[in-house]
Amino acid sequence: MRTKVGKVLAATYLGIVTIVSIFPFYMVVIMSTYYTNDLYKGLPILPSNYFLTNLQTVLDTNFIRVYANSLFVSITATTLSCLTSALIGFSLAKYQFKGRNVIYAFVLSTMMIPTQVSLIGYVLEMKSFGLINTLWPLILTFVATPFAAFFMTQFIKSAVPDEIIESARIDGCSEPEIFIKIIFPFIKPGTVTVAILVFLWSWNNYLLPLVSINDNSRYTIPLLISTLSSEFTTDFAAQMTAVGFAVIPIIILFAIGSKTFIEGLTAGAIKG
Amino acid sequence: MPVKLKISKKMWPFIFAAPFVISYILFNLYPVIYSFILSLNSWNGISEKEFVGFANYTKILTRDVLFRKAVFNTFMIMFIATPTAIFGGLTLAYFLFNMRKGKQFFQTINFFPYITTPVAIGFIFSYLFDYSGGYVNQLMTSLGLLNEKYYWLEHVWSARGIVMLMIIWRNLGYYMTIYLSGMTAIPSEVYEAARIDGASKIQIFSKVTVPLLENTTIFLALTSVIGGLQLFDEPYQLYTGWTAGYVNVGGPKYSVLTVIWKFYDDSFKSNSMLGYGAAVSFLLFLIIFAISLLQLKYISKKAR
């Protein structure tokens, strides 16, 4: 009897938390189907039929452009950061060389520096390169991601057996060939983890674009969301539609690959 | 005739490390040093720089009431939000751990907030708690929980409460998942032994599961405080998102001003005191560094 009560309580608790987790997303979706003036007539719980008009309002702005900007930034940043971190990871995990410990200590200490500390210097540097109001500052800042380098080093150390590298070397593989043919196939799971993290970090990045971009054709999603209230002043339904399109596709993508994604996102924490 | 570069075998590890090291120096380390030099100057970005030594730092620490306020706010908010999220995550994980079906389903749904763009979270919550049209006011007045609408965003403690809520909402599913994988790592014999010894479910939870997850808890608590110190997107959006009209720095009476918000405001927004702002960011770095050391010390103590 007692365990039954416990089970019901546990299920209720889990149920309530789950509803609270999902409710704001539900609300965004529902509100995007309303005519703004109808929003305040009561609590919007069930969908209405104004979605396409709201969508049209959103698409009439440079929304697609902003989306493309965000995708370009995140995909480029992710690719570059996966590459640099896999390379340095290979170097630190599988070679014994003079200076290895220095470089490894360097990587470890870079992890402790919060990005905000470099912000002012970085913005001024980008200004002197003439890159303000371009998407490049948002990409370059992720090329060397400390956590990615640390993670790949640990990963390659444990995932790639030394014997395989040795035998490839005996077979006459050059070092770059070893990286491409041997290391790369082995480290796919680790790369996925790094890719997911860097993609999310760059996709969600707000402070940097806020201070380095003011040309709205160069906006990224977070910047767009923050200016919605001036873009669509009183058209609240259109604002919600834009937020929905900024947030929901990522969530659907996440839900489809949730097993891999959750493993990736928690991998860093478990190691610690 | 193509020249074939002969690269000595010894060079390869350096060549592989180079792209990361060079880009780090170029796009991270150099800006950090540049910022540090600026923090020793008084500079508004336009006029001549004036070297002032550590004057910016002493001014922040001794005379800047808002800096102290920002640090206080952060710890105040995290002091409530972190234990709540940790307790919630732990208990949820425990319930989910004992569930046979639907684990993946609940994990996935409760993870949604964690991957959502923080700016969007701030935006959505600024709508939820909006005075006139906000869901919370509408719901509470129609249910009779409130006699009249409440200015959630304009009172010190309700503003802080909303920020806490945003943090808890965002992290709960993430903490749950971390705890869940921690629990999976505990060998089932441990539970078995406790059960044979006649321990009740609550005893097993409090005497076996919780102590064995201590490392996870400490990790989550420290990273959450570090994350809290870097909080900006959500509280800032809360006051610039939904209602475009009023933008006041730090919310009512600066109650949700965070260190990064202050840093942003000093360096780029209300003022352009770049040297002063840089000094604020370095002080933040020192606080975070101290917490990281605490973490390292704890981990190495455990390892011994």
Side-chain angles (χ1 to χ4, degrees), chain A residues 10 13-14 17-18 21-22 24-25 27-28 39-40 43 84-85 87-88 90-92 95 97 103 110 112-114 116-122 124-125 140-141 143-144 149 175 200 203-204 206-207 211 221-222 225-226 229-230 233 243 246-247 250-251 254-255 258-259 262 266 269-270 272, chain B residues 10 12-13 16-17 19-21 23-24 27-28 30-32 34-35 38 92 95 104 106-113 115-120 123-124 133 135 138-139 172-173 177-178 181 219 230 232-233 237 240-244 260 263-264 267-268 274 277-278 281-282 285 288-289 292:
Chain A
Y13 178 46
L14 195 61
V17 171
T18 305
S21 283
I22 209 170
F25 302 108
M27 189 200 70
V28 168
L39 276 179
Y40 292 134
L43 286 174
T84 61
S85 60
L87 282 168
I88 194 172
F90 177 37
S91 164
L92 293 176
Y95 291 92
F97 59 101
I103 298 179
T110 58
M112 288 215 192
I113 301 174
Q116 294 89 349
V117 172
S118 64
L119 188 68
I120 294 179
Y122 186 66
L124 293 170
E125 183 190 25
L140 295 175
T141 188
V143 174
E175 305 301 302
L200 264 187
W203 184 269
N204 291 342
Y206 177 52
L207 189 55
V211 297
I221 293 283
I225 295 174
S226 72
S229 52
S230 45
T233 43
V243 169
V247 167
I250 297 286
I251 284 179
F254 169 82
S258 67
K259 219 172 160 168
I262 289 178
T266 50
I270 304 306
Chain B
K10 277 187 177 164
W12 280 112
F16 290 145
F20 179 89
V21 174
S23 18
Y24 190 84
F27 304 124
N28 298 77
Y30 168 76
V32 169
Y34 192 2
S35 298
L38 279 178
L92 281 171
F95 293 143
Q104 189 67 27
F106 281 109
Q107 229 180 327
T108 305
I109 287 191
N110 286 296
F111 219 93
F112 286 169
I115 55 155
T116 302
T117 307
V119 173
F123 184 91
I124 293 168
Y135 218 101
Q138 291 202 48
L139 189 71
L172 203 55
T177 305
I178 302 266
S181 45
F219 166 81
Q230 294 170 283
F232 169 71
D233 302 9
Q237 231 19 249
T240 46
W242 189 251
T243 346
I260 297 294
F263 158 73
Y264 167 70
S267 334
F268 301 100
L274 290 173
S281 72
F282 270 89
F285 170 51
I288 291 179
F289 188 71
S292 307

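Chain naming here is simple, since letters A, B, ... match the order of the sequence lines and numbering starts at 1 in each.
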Is it the backbone or the side chain of A:Val28 that comes under 4.5 Å from a heavy atom of chain B, or both, or neither? side chain
Where does A:Ile103 contact chain B at under 4.5 Å (heavy atoms): side chain, backbone, both or neither? side chain
Parallel, tilted or perpendicular: ring planes of B:Tyr30 versus B:Tyr34, cut at 30 and 60 degrees: tilted
Please state whether the side chain, the backbone, both or neither of B:Phe112 comes within less than 4.5 Å of a heavy atom of chain A. both
Can any side-chain N or O of B:Thr108 pair as donor or acceptor with the backbone N or O of B:Gln104 at less than 3.5 Å? yes
What pairs with B:Ser292 under side chain to side chain donor-acceptor pair (under 3.5 Å), at least two apart in sequence or on another chain? none
Looking only at side chains, do A:Ser118 and B:Asn28 share a donor and an acceptor under 3.5 Å apart? no
Under 4.5 Å from any heavy atom of chain A - which part of B:Leu38: side chain
What part of B:Ile288 lies closer than 4.5 angstrom to a heavy atom of chain A: side chain, backbone, both or neither? side chain
Please identify, among B:Asp233, B:Ile124, B:Leu139, the residue contributing the most non-hydrogen atom pairs under 4.5 Å to chain A. B:Asp233
Please report the closest heavy-atom contact between A:Pro24 and A:Ser21, naming both atoms and the distance. CD-O, 3.9 Å
Most heavy-atom pairs under 4.5 Å with chain B, out of A:Val143, A:Val247, A:Val211, A:Leu200, belong to A:Val211
Counting heavy-atom pairs under 4.5 Å with chain A, the top scorer among B:Phe106, B:Tyr264, B:Tyr135, B:Phe232 is B:Tyr135
If we define contacts as heavy-atom pairs under 4.5 Å, which of A:Leu207, A:Ile120, A:Leu92 has the most with chain B? A:Ile120
Between B:Phe285 and chain A, which part of the residue has a heavy atom less than 4.5 Å away: side chain, backbone, both or neither? both
Answer with side chain, backbone, both or neither: which region of B:Leu92 has an atom nearer than 4.5 Å to a non-hydrogen atom of chain A? both
Classify the side-chain pair A:Ser258/B:Gln107 by whether it contains a donor and acceptor separated by less than 3.5 Å. no
Picking from A:Ile250, A:Ile221, A:Leu124, which has the most non-hydrogen pairs under 4.5 angstrom with chain B? A:Leu124
Does B:Ser181 use its side chain to pair, donor to acceptor, with the backbone of B:Ile178 at less than 3.5 Å? yes
For each of A:Ser85, A:Ala149, A:Pro222, tally heavy-atom pairs with chain B at distances under 4.5 Å, and name the one with the top tally. A:Pro222
Take a 6.0 Å sphere around CZ of B:Phe289 and say whether it holds more than 12 heavy atoms from other residues, nucleotides or ligands. no
List for me each residue that meets side chain to side chain donor-acceptor pair (under 3.5 Å) alongside A:Thr110, sequence neighbours excluded, and say none if there are none. none
Atom group of A:Tyr122 that falls short of 4.5 Å from chain B, counting heavy atoms: both
